[in-house]
Amino acid sequence: MWQESWADGGNQPEVGPKMDTEDILQGLSEVQQQAVLHREGPMVIFAGAGSGKTRIITTRLVYLMRHGVPPRRLLAVTFTNKAAREMRERVQEMSAEAEYVQMSTFHALCARWLRSYGDRLGYGSDFAILDSADCLKLMKDILKGFPETVSRELGRPQSYLAAIEKAKRRLWLPNQLSADTAATEGLFPPYGIEIYKQYQQSMASANAMDFGDLIANMVLLLRTDMQVKQELQSRYRYIMVDEYQDTNQVQFELIQHLAEAHHNLVVVGDDDQSIYSWRGAVPENIIRFDQHYPEAKQVRLEHNYRCSGNIIAAARAVIQKNKHRADKKIWTTNAAGDPVDVVCCVDGRDEADQIVGMVREEKQRYTYPQVAIFYRTNAQSRVLEEVFKRYRIPYRIYGGMRFYDRAEIKDILAYLRLALNERDNIAFQRIVNVPTRGIGNAAQALIQEAAQREQISYLAAARLSTHVKVQKFVMIVDQLKHALVTEPLGDLVSLVMSCVDYQAYLKKKFPEQLEDKLDNVMELGTALEDYENLTAQPSLRDWLEEAALAGSENEAEGGISLMTMHLAKGLEFDRVYVAGVEETLLPHQNSMGDLAELEEERRLFYVGMTRAKQKLSLFYAQQRNFYTEQRVMKPSRFLREIPQSVVRDSGMIGSEVESSGFGGSSSPCLSFAVGDRVSHPAFGSGRVVKIEQERNKTKLFIDFADFGLRKLDGRYLKKNS
């Protein structure tokens with residue numbers, strides 16, 4: 001259906017009726033209205049945190065439709081399924097024509113186009129989309145054909161997959177690379193380019209793509225096929241891109257191709273919230289937008305509607321320390337609200353105890369779903385979880401293992417994928433002996449050898465086998481294949497369960513987890529049934545595509561949300577706690593030697609701060625345990641950048657940090673002598689028993705009453721009178 005209607009706009013009129021816009025502009029500020037009412041030509045909207053950018057995007061889409069732009073000529077692109085869903089729902093509330101507007105993520109959009117155009121690259125329209133586990137399995141199989149040192153010593157398959165992902169973000173194709181290519185220096189592990197070639201060949205033979213292929217292949221088509229390029233340029237005359245600061249090189253080029261003919265490109269984002277350089281994000285894409293489009297209009301949305309005045313003042317002071325950013329200054333008319341708490345803790349457990357104490361104390365003011373705790377690294381959650389469990393406070397690790405990553409879900413999906421696409425060798429390998437049916441490694445190897453020899457799929461090779469148990473498996477797949485035509489989609493999961501006696505398999509292999517795993521499988525059936533009942537033209541292929549593209553975007557409901565600050569982006573909570581605001585944690589130790597990385601760490605802190613609507617507390621510990629090592633910690637430099645006027649200090653920050661030694665300025669250790677009585681914020685009272693020089697630093701050996709002998713820098717000690 002889509003292939004027939006996209007080129008000419010389907011049954012939609014080329015020029016829609018013009019309608020009044022006063023209703024949709026109500027409540028918008030003057031600068032927001034400027035963004036909405038812009039029609040022709042490029043525009044960059046710098047949308048600060050909490051400035052209502054989603055409302056601007058959706059309102060502009062409705063404005064264009066009301067002023068004669070056919071909805072099929074509009075394209076809105078974002079990064080997550082959640083954001084695309086929210087955008088679609090908002091537009092639907094304002095316009096009945098919303099269903100004809102293409103609002104999608106980059107990956108889903110390219111997947112849809114490649115269903116129509118993939119044949120020009122040698123793919124069938126039913127190609128499979130491999131998730132990370134599928135790709136890992138494929139890579140492990142490929143590495144088996146290389147020297148043992150590759151698979152044993154050098155060949156962490158993840159390292160090859162990471163290198164391939166980076167190459168695809170730059171559109172470095174395997175046939176363009178060679179071992180001495182300067183551009184690949186340091187990117188690929190040993191044998192990396194050859195492994196990259198085999199990886200792509202294996203996927204092509206299985207009629208499959210990974211996530212990186214979706215965008216890279218689409219850009220390749222736009223580079224080389226003028227018909228495709230012109231058709232899509234004609235189809236989409238007005239393009240909007242959300243979170244433009246997060247676009248990488250290949251996404252940037254994709255948008256450039258689409259907008260090349262008409263320049264009706266509007267990008268929205270905030271370089272101050274660019275925190276994904278490790279994914280290839282290039283904040284310069286939005287900072288230097290006017291260099292690519294000199295005629296571009298610039299709009300700055302600086303009014304924050306989300307946060308209290310004190311939170312805005314604190315966050316603004318921090319982010320303005322960054323040098324490489326577009327000039328803007330967030331502000332708010334909201335009340336000042338509570339001061340920002342800066343809390344000094346003895347260690348990580350004391351930090352968790354103090355957070356839980358505040359949560360319990362404020363329970364009447366903030367319900368659990370309104371509360372979030374952020375941290376820089378996943379490892380920091382352990383002690384927080386222990387304390388929450390102790391006090392029986394409900395919590396959820398936001399972004400933990402997602403539904404479609406669970407083993408039992410992937411098993412059922414693999415059966416459906418193989419029934420739909422016989423060339424899906426990854427699915428075949430996953431389920432050929434799951435549940436166990438006597439098709440061991442030797443039998444599987446014979447099937448794979450036959451497939452390679454005859455240049456056919458694994459399932460086609462299995463059809464040629466005389467192995468009785470292999471033939472039974474083929475019969476199961478054929479039965480499911482027939483069911484795809486004859487049975488309702490909502491019945492397919494239970495059909496798979498009965499065909500392979502999957503419940504008995506779960507009971508035998510996971511007796512202690514049987515109930516949870518069965519509930520998961522039943523929920524999968526509910527999801528497919530709901531999709532069938534809520535979709536005008538449901539298809540298993542489209543649903544499997546949605547499942548493959550679904551990110552780990554689980555909502556934290558019913559309990560307190562615990563998450564890394566990277567996962568916090570795009571969320572908001574009434575009450576926020578940030579743990580571990582310390583040097584080597586935030587900013588992370590890996591960023592210390594690089595100004596660009598340090599500025600990204602500051603942006604990450606800024607993102608965390610601006611998720612809080614009403615109250616924000618920042619915690620730092622004086623010491624932390626790292627494996628068997630106990631480290632003395634320093635408060636983050638970011639804390640010193642917060643104005644004292646908006647802070648309620650229960651520790652030592654600002655100038656006090658400097659003088660106390662917690663900020664990095666050394667106290668003169670020569671003022672100590674053997675025999676002096678000293679105190680330490682964590683270890684308590686002790687006596688100096690020895691002083692010595694070590695690597696140009698003065699170290700003191702202190703005998704503490706409760707902790708025994710410790711060797712410390714003098715800046716963490718105070719002399720007792």
Side-chain angles (χ1 to χ4, degrees), residues 2 6 75-88 101-118 121 123 125-136 138 161-162 164-171 199-200 203 207-222 228 232 236 239-258 267 269 276 278-282 285 399 402-405 413 417 421 424 426 531 539 541-554 566-567 569-570:
W2 180 82
W6 67 262
L75 173 64
V77 190
T78 188
F79 279 83
T80 67
N81 294 305
K82 178 184 175 182
R85 185 167 56 250
E86 180 182 359
M87 188 184 304
R88 190 176 301 111
V101 179
Q102 181 63 58
M103 291 172 278
S104 182
T105 64
F106 277 96
H107 289 98
L109 185 67
C110 290
R112 186 176 187 181
W113 287 336
L114 288 168
R115 296 293 180 197
S116 292
Y117 295 121
L121 296 174
Y123 291 92
S125 62
D126 59 347
F127 64 83
I129 300 174
L130 306 188
D131 63 14
S132 56
D134 294 330
C135 295
L136 183 61
L138 176 59
L161 289 172
I164 290 171
E165 181 183 0
K166 290 179 181 178
K168 290 179 180 180
R169 287 202 299 256
R170 302 171 191 179
L171 212 65
Y199 177 81
Q200 292 301 108
M203 283 202 300
N207 192 33
M209 300 186 198
D210 63 17
F211 277 21
D213 286 323
L214 294 176
I215 303 178
N217 281 337
M218 199 60 228
V219 172
L220 184 61
L221 266 178
L222 292 172
V228 172
L232 290 179
Y236 300 111
I239 301 171
M240 294 192 72
V241 184
D242 189 18
E243 303 288 6
Y244 196 66
Q245 77 282 349
D246 292 334
T247 52
N248 59 32
Q249 183 175 330
V250 70
Q251 290 163 339
F252 171 81
E253 184 175 340
L254 175 75
I255 297 300
Q256 293 291 101
H257 283 299
L258 295 175
V267 302
Y276 299 123
W278 47 279
R279 292 184 187 170
V282 183
N285 288 346
R402 63 191 178 109
F403 182 77
Y404 290 101
D405 280 341
L413 292 180
R417 281 170 44 188
N421 174 16
D424 192 340
I426 304 299
Y531 166 80
S539 75
R541 186 191 69 191
D542 289 346
W543 181 76
L544 288 172
E545 183 173 299
E546 289 182 13
L549 293 170
S552 54
E553 301 163 9
N554 303 322
H566 280 100
L567 290 176
K569 187 171 181 291

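Note: hydrogens, waters and symmetry copies are ignored here, and every other heavy atom, side chains too, is used. Residue indices begin at 1 and follow the sequence shown.
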Can you tell me how far [atom2] of [Y] sits from [atom1] of [X], rounded to the nearest 0.5 angstrom?
{"X": "D542", "Y": "R112", "atom1": "CG", "atom2": "CZ", "value": "8.5 Å"}
{"X": "R115", "Y": "C110", "atom1": "CZ", "atom2": "SG", "value": "12.5 Å"}
{"X": "F252", "Y": "N285", "atom1": "CZ", "atom2": "CG", "value": "5.0 Å"}
{"X": "M218", "Y": "L220", "atom1": "CE", "atom2": "CG", "value": "9.5 Å"}
{"X": "I129", "Y": "R541", "atom1": "CD1", "atom2": "CZ", "value": "10.0 Å"}
{"X": "Y244", "Y": "F79", "atom1": "OH", "atom2": "CZ", "value": "9.5 Å"}

Contact between [X] and [Y] at the side-chain level, heavy atoms closer than 4.5 Å - yes or no?
{"X": "T78", "Y": "M87", "answer": "yes"}
{"X": "N248", "Y": "Y276", "answer": "no"}
{"X": "Y117", "Y": "L232", "answer": "yes"}
{"X": "L544", "Y": "R417", "answer": "yes"}
{"X": "K168", "Y": "V250", "answer": "no"}
{"X": "D213", "Y": "M203", "answer": "yes"}
{"X": "L214", "Y": "F127", "answer": "yes"}

Return the minimal non-hydrogen interatomic distance between V77 and T105, and the atom names on each side.
CG1-C, 4.2 Å
Shortest non-hydrogen separation from L222 to V228 and the atoms involved
CD2-CG1, 4.3 Å
Could you go step by step and tell me if L109 and L75 meet the side-chain contact (heavy atoms from CB on, under 4.5 Å) rule?
CA-CA 10 Å; L109 185 67; L75 173 64; 3.8 Å; yes
As a quick check of understanding, evaluate side-chain contact (heavy atoms from CB on, under 4.5 Å) for D246 and F106, giving each step before the final call.
CA-CA 12 Å; D246 292 334; F106 277 96; over 6 Å; no
Check the side chains of [Y] and [X] for a donor-acceptor pair under 3.5 angstrom, ignoring hydrogens and angles.
{"X": "R169", "Y": "Q251", "result": "no"}
{"X": "Y199", "Y": "D210", "result": "yes"}
{"X": "D424", "Y": "N207", "result": "no"}

Could I get the full list of side-chain hydrogen bond (donor to acceptor under 3.5 Å, both in side chains) partners for E243, not counting sequence neighbours?
K53, Q245, K569
side-chain contact (heavy atoms from CB on, under 4.5 Å) between W113 and L221: does it pass, once the steps are laid out?
CA-CA 10 Å; W113 287 336; L221 266 178; over 6 Å; no
May I have the step-by-step check of side-chain contact (heavy atoms from CB on, under 4.5 Å) for T247 and I255, ending in yes or no?
CA-CA 10 Å; T247 52; I255 297 300; 5.7 Å; no
Quick one: does Y531's side chain have a donor or acceptor within less than 3.5 Å of a partner on S539's backbone?
yes
Anything under 30° is parallel, anything over 60° is perpendicular, the rest tilted; go ahead and classify W278 against H566.
perpendicular
